[in-house]
Each structure stands twice: as C-alpha cells, then as structure tokens.
Amino acid sequence: MPLESVIGHIDDLVGQINSLISNLQTVPYPRVRNYLGISGQNFASGLRIVKEMLKEYIIKRAEIIANLSKDQNQTLSVDDVIRSYWHQQVSNTYSIVERFNNDTLMQAKANIPFEIYHWLLDFFYNMGLDTPVVLQQSNQFINQSFKRAIVEPLEYLIKIGEKPIIPGSLVQVKSPDILKNYPLTSGYIISYISGEGTNPLLWPVLVHEAFHIMDKEINFMSRIEKHFTSLDKKLPVLNKNPEVNSKWIEEILADVLAIHTFGPMYAYSLLDYFERAPYVQTIDHPEMSIRLYSVYQYLDSTRSNYTDILYRCVNSCKGKIINKIDRYEKSGQLEEDEKQKIQELYKEISEWYESLKPNSFTQTLKNYVLESRRSVSEAEKAESEKKFVLFPNLLFDFDEIRNLLLEDRISLAIDPNILLNVVLANLELYNRERHLDVLVDSIKKWKVKQAWQLSIHEINERL
Amino acid sequence: MASYSGIESWLSVIAGGITGIGLRKDFGIRTPELDYFIEYCTKTPMSVSALAPSPLVRNYDELVKDAYSKLLSMLNDLQKEKVSEEILNEALDGAQRLYGLLNAVYNAVRANVIPV
C-alpha cells in the first residue's frame with residue numbers, strides 16, 4: 001500500500017498515546033489526571049484525522065492522477081505520483097504527527113510539580129471556569145487551544161479533500177465528515193520552558209498565560225472596551241494600527257490581571273523573563289518597557305493595612321524594577337505621553353477588575369488575616385469554656401514566613417500566592433535543592449486544609 | 001502569536017500549491033489544490049512577525065516577504081486559461097523557495113524562546 005510506512009507509524013503513535021493515557025493513574029490529582037487524559041484523546045483524534053486524510057485524500061487523489069497518466073502514455077505508479085507531486089505535503093504531515101506525539105509526551109511527563117499544576121488550575125476555578133487546561137514542557141511560554149494546536153495545521157487538507165481533484169469531473173474522492181468522526185474536546189495548552197519547571201520565579205508567568213486563556217473564554221477585552229465606552233472614553237492608542245493596538249492592550253491586560261491576582265512579585269517575574277529572553281516589539285507584544293511600566297503601576301498604587309506582607313513584597317520588587325524604569329525613561333524608550341496612556345489604562349483596568357469582586361492578592365491577604373484572627377479567638381474561647389481546643393491558624397508576618405520556610409524549612413499551610421510572593425521577595429535565600437520540596441509540601445498542606453475546611457463547612461450545613 | 005501550528009498551516013497550503021502547480025504543468029489540469037492555494041494566498045497576508053519571535057523576524061521577514069510577493073505577482077497568470085511553461089516553472093520555483101524559507105523558520109521557532 002502507498003504511504004504504508006507513514007500510516008503504520010501513525011497507528012503506532014496512537015498506540016503510544018493510548019498507553020500514556022492508561023499510565024496517568026500515577027498522577028496524584030484527579031482534575032490534572034482528567035485533563036491530561038482529555039488532551040491525550042484529542043491528540044490521538046488528531047493522528048486519526050491525519051491517517052484518514054492520507055488514505056482518503058492523498059492516496060485516492062494520487063490514484064486518479066496515476067490513471068490519468070496512463071491515458072497520456074506516461075504510466076506513473078501511485079507511489080511515483082505521490083513522490084513527484086505530494087512529497088512536501090507528506091513530509092509536512094509527518095512533521096505534524098511527530099509534533100502531536102511530542103506534545104502529548106511533554107504534557108504527560110511534566111517536570112513541573114503537580115501541586116503547581118493544581119495551583120494554576122485554581123485561577124480558572126476561581127473565575128468560574130472548568131475548561132480543561134494542560135501544561136506542557138516546551139522551549140517557550142505560550143497558550144493555545146486544542147483546536148489551534150491540532151486542527152489548524154490540517155484545515156487545508158480537510159478543505160481541498162472536499163472537492164473533486166479534476167473540477168467538473170465525476171471522478172472524485174468522497175469526503176468523509178472527518179471532524180465529526182473525530183471530535184475534539186475543547187480546552188487549552190499552556191507551554192512552559194522545560195528548564196524553568198522547578199523555578200518559582202517563572203511560575204507567575206503561567207498566570208499571565210492563564211489570563212490569556214480566560215480572556216478567550218470570558219472575553220475580558222470586550223468587557224474592558226465596554227467599560228471605557230461607559231465612561232465616554234476610548235482605549236488608549238499605543239499603536240496606530242487598530243489590530244496591533246488591540247493585541248498590545250490584550251498583553252497589558254493579561255499582565256495587569258496577573259499582578260492583581262498573583263501579587264506584586266509578578267513584576268519581578270516579568271522583569272527576570274525579559275532579561276532572559278529580551279525582545280523588541282512585535283505585532284503581538286508591545287515593548288518590554290511598556291509592559292514593565294504597566295505592572296509598576298500596581299507597585300506604586302496598591303496598599304494594604306492588614307499585614308506587612310504586601311508592603312514588604314512591593315518594596316522588594318520596586319527596588320528591582322525602578323532602575324530599569326529609570327533607564328527606559330532616560331534612553332527615551334518610555335515617553336511621557338506613553339506613560340500617561342499606560343497610567344490611564346492601568347487605572348481603568350484596575351477599577352473594572354475590582355468591580356468583579358475577584359480573588360485579588362489584597363483580598364487573599366485580608367482573608368488570611370481575618371481567618372487567622374477568627375480562628376485564634378475561637379480557640380481561646382473554646383479553651384476558656386474547657387471545650388475541645390481547636391488548633392488555631394496562626395498569623396505570620398513577612399519575616400516569620402520567610403524564616404519558617406526558608407531558614408527552618410517548615411512547610412506552611414498558607415495560601416500559595418502569599419507564600420510564593422514572600423519566597424520571591426527573598427529569592428537570595430531560596431535554593432532549589434533545599435526548598436523546592438518545602439514549598440511544594442506547603443501547597444499540598446494548603447490544599448488538604450482547604451478540603452478539610454470545606455468538609456467542616458458541609459458537615460455544619462447538614463447539622 | 002508565534003506558534004508551530006500557524007507555520008504548519010502555511011507549510012501545508014504552500015505544499016498544496018506546489019502539488020497544484022506541478023499537476024497543472026504536467027497534466028494541464030487545474031485542481032482544487034491550486035485554486036485553494038491561490039485563494040488563500042490572495043486573502044491572507046504573510047508576515048513572519050505573526051508567526052515567529054523577534055530575532056527570527058529580523059532574520060527572515062525580508063526574505064519571506066520578498067519570496068511571497070514574487071509568488072503573489074504570478075498568481076494572476078496561474079488563473080488564466082493558458083499559462084506558459086515558463087510561468088509555471090517560475091511559480092514552482094517560487095513556491096518551493098517560500099516553502100524552504102518557512103521550513104527554516106519552523107525549525108528555528110522550535111529551537112528558540114519567544115516573548116510571553
């Protein structure tokens with residue numbers, strides 16, 4: 001059979017993906033396991049679509065051309081026809097199936113802790129989204145839908161396969177409704193740089209990618225535009241091309257929402273990534289100076305009276321960023337009118353975001369302080385009434401968290417966003433060999449505590 | 001946004017164009033491969049900056065734009081009832097050159113980091 005080796009290879013890859021899926025039982029979190037399974041099934045469907053296309057379209061079309069060649073006294077075999085006319089398409093298809101296989105492998109063999117995976121999925125959960133999202137080792141931080149990753153490269157073949165090869169002729173290939181035969185579950189992939197999987201400084205970049213996905217699901221951009229319209233304003237013009245301007249604002253929006261939700265150290269994460277992988281503006285991304293100045297607005301304007309954690313993190317981060325902003329200003333990379341536009345954009349995005357009553361970092365801190373105080377007073381009351389003494393959730397300040405976690409290596413069941421901000425503000429003390437396990441255990445403890453509190457709440461509801 | 005799938009999609013379209021031009025040249029038939037290739041290229045601007053990160057844009061944008069615009073200039077002729085062998089040969093060379101360039105961008109994207 002023509003293309004036997006490619007088709008046989010695709011069958012083998014489907015088998016490999018199926019065996020990967022059956023080995024997902026070792027993944028400790030059901031939500032992560034479920035999403036990885038969905039992704040594996042989607043890529044297996046992608047491989048089956050490619051196989052159908054090779055068999056139904058390329059081979060059958062090549063057969064028609066081989067017959068035509070006989071009429072013209074050329075006698076080409078089907079293999080000859082494929083080699084002469086479709087070899088780039090076959091080669092491109094082979095690259096695509098290998099990429100599908102590699103993507104699935106890089107998702108299943110995560111080198112990022114599963115606790116971080118779970119932490120990231122909570123950002124979606126808190127926004128009311130339960131769309132499947134998987135993480136993938138790669139050489140870049142990007143987000144894309146399953147449809148884009150799997151169907152987009154195959155669209156051309158699907159489209160031409162619907163038409164007869166010789167227009168007007170009855171000699172044609174019957175087109176199966178290929179996408180209906182192999183439907184994909186909708187969802188997204190967030191890729192991260194492999195070597196950074198265990199680097200907490202770059203985990204907040206995943207939050208930025210998460211907000212791009214939420215934008216696709218909830219359409220933040222159109223909501224922001226409506227917010228501006230309701231104020232009789234227009235979105236600032238950072239680029240004269242409206243399409244590029246919109247993409248740039250989308251980037252800034254993802255940055256601003258990420259810093260509001262994750263906390264101040266997102267700015268440090270962004271700065272560090274820009275130093276590792278500097279770029280000049282593209283049609284998708286505004287200059288680094290514009291993005292850093294946007295998140296700097298948060299550091300310059302956010303206050304909290306509940307604990308010293310925000311203040312200390314903001315100060316640590318400001319110290320790292322202010323020199324960079326100064327240099328941008330002095331070198332003319334950040335003009336006065338640009339700064340004003342960014343300030344206005346930041347202000348309006350922040351006001352709109354606050355109106356959603358989100359799980360912002362300041363809200364997380366407030367909850368942490370109030371819940372700790374409440375649990376301490378409940379414990380004191382129980383003790384005075386000689387009842388069962390509950391173990392109180394102690395309130396730790398910035399220095400205490402730093403010392404317990406990074407010096408005494410004690411895992412703390414505190415919201416991961418608070419812990420990660422304190423760790424990133426003390427990154428000079430962090431050492432992967434000594435602290436990664438403690439940090440990951442802390443997140444695990446936090447998840448157990450959340451589950452415990454939820455069950456207590458449900459028991460109380462029933463009583 | 002830089003993406004493998006965006007480049008893979010373009011590679012597939014151009015590979016289809018190569019098939020279509022080849023079949024037109026050798027068998028004189030105008031296939032959907034060629035028609036869709038012409039339709040897609042006429043409607044879709046190609047820019048490396050939409051497909052790849054900035055270091056690659058600097059290296060490849062001019063080359064790709066040049067190869068693409070030369071190919072676009074031949075599309076009108078390819079749609080005519082009669083096309084000379086010379087035009088078909090030129091179009092085939094042009095499509096193959098563009099395929100080669102995009103393939104190089106694809107390999108480079110897979111090996112480089114890009115903006116978040």
Side-chain angles (χ1 to χ4, degrees), chain A residues 61 65 68-69 72 74 84-93 95-96 99 103 138-144 148-157 159-167 169 193 202 205 208-209 212 247 251 254 270 273-274 276-285 288, chain B residues 1-37 39-40 45 47-58 61 92 95-96 99-100 102-103 106-107 109-116:
Chain A
R61 291 164 96 78
I65 296 298
L68 195 68
S69 76
Q72 297 184 2
Q74 290 185 53
S84 300
Y85 300 101
W86 270 278
H87 71 274
Q88 269 107 341
Q89 200 66 270
V90 173
S91 161
N92 189 41
T93 307
S95 288
I96 292 170
R99 203 255 301 156
D103 283 1
S138 173
N139 62 345
Q140 44 193 292
F141 283 95
I142 55 165
N143 68 84
Q144 58 185 331
R148 184 161 194 211
I150 299 169
V151 178
E152 187 182 294
L154 308 177
E155 269 171 355
Y156 171 77
L157 278 177
K159 196 163 174 112
I160 56 162
E162 290 164 359
K163 294 177 182 170
I165 188 157
I166 303 170
S169 150
I193 295 176
L202 290 193
V205 171
H208 169 93
E209 298 301 337
H212 275 306
K247 286 183 174 176
E251 277 305 315
L270 201 59
Y273 189 69
F274 286 168
R276 285 166 199 234
Y279 69 92
V280 288
Q281 66 182 48
T282 69
I283 56 170
D284 291 317
H285 295 83
M288 298 181 290
Chain B
M1 184 180 71
S3 80
Y4 305 151
S5 55
I7 308 175
E8 285 163 351
S9 185
W10 263 112
L11 285 171
S12 188
V13 171
I14 298 163
I18 292 169
T19 306
I21 298 166
L23 292 173
R24 178 94 204 248
K25 180 173 166 269
D26 295 344
F27 294 92
I29 53 170
R30 196 168 140 178
T31 61
E33 277 85 349
L34 183 58
D35 284 343
Y36 186 57
F37 166 71
E39 185 192 327
Y40 192 90
S47 155
V48 176
S49 62
L51 299 168
S54 48
L56 293 178
V57 174
R58 279 195 295 278
D61 203 32
L92 200 54
Q96 272 164 345
Y99 186 90
L102 274 184
N103 211 21
Y106 181 65
N107 291 332
V109 166
R110 296 198 70 162
N112 279 275
V113 292
I114 61 162
V116 292

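In what follows, chains carry the letters A, B, and so on, assigned in the order in which the sequence lines appear, proteins first and then strands, with residues in each chain numbered from 1.
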Inset, instruction - Could you check if a side-chain atom of I29(B) sits within less than 4.5 angstrom of a side-chain atom of I65(A), using non-hydrogen atoms only? - result: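 Of all side-chain heavy-atom pairs linking I65(A) with I29(B), at least one is under 4.5 Å.
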Legend entry - Sub-4.5 Å side-chain heavy-atom contact between R99(A) and Y106(B): yes
Legend entry - chain B contact via E152(A) - which portion, at a heavy-atom distance below 4.5 Å: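 Interface part for E152(A): both.
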Inset, instruction - Answer with side chain, backbone, both or neither: which region of S69(A) has an atom nearer than 4.5 Å to a non-hydrogen atom of chain B? - result: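 Contact with chain B involves both backbone and side-chain atoms of S69(A).
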Inset, instruction - Specify which of I14(B), N103(B), V13(B), I18(B) makes the most heavy-atom pairs with chain A at under 4.5 Å. - result: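 Answer, by heavy-atom pair count under 4.5 Å with chain A: V13(B).
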Can you tell me how far apart [atom1] ([X]) and [atom2] ([Y]) are? Round to the nearest 0.5 Å.
{"X": "Q74(A)", "Y": "F27(B)", "atom1": "CD", "atom2": "CZ", "answer": "4.5 Å"}
{"X": "Y99(B)", "Y": "N92(A)", "atom1": "OH", "atom2": "CG", "answer": "4.0 Å"}
{"X": "N107(B)", "Y": "S95(A)", "atom1": "CG", "atom2": "OG", "answer": "7.5 Å"}
{"X": "T19(B)", "Y": "Q88(A)", "atom1": "OG1", "atom2": "CD", "answer": "7.0 Å"}
{"X": "I160(A)", "Y": "Y40(B)", "atom1": "CD1", "atom2": "OH", "answer": "13.0 Å"}

Inset, instruction - Assess the side chains of Y85(A) and D26(B): does a donor N or O sit below 3.5 Å from an acceptor N or O? - result: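 Indeed, the side chains of Y85(A) and D26(B) share at least one donor-acceptor pair under 3.5 Å.
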[X] (side chain) donor-acceptor with [Y] (main chain) under 3.5 angstrom:
{"X": "S5(B)", "Y": "P153(A)", "result": "no"}
{"X": "Y36(B)", "Y": "K159(A)", "result": "no"}
{"X": "Y156(A)", "Y": "E33(B)", "result": "yes"}

Inset, instruction - Tell me, please, which residues at least two apart from E39(B) pass side chain to side chain donor-acceptor pair (under 3.5 Å). - result: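 E39(B) satisfies side chain to side chain donor-acceptor pair (under 3.5 Å) with K43(B) once adjacent residues are dropped.
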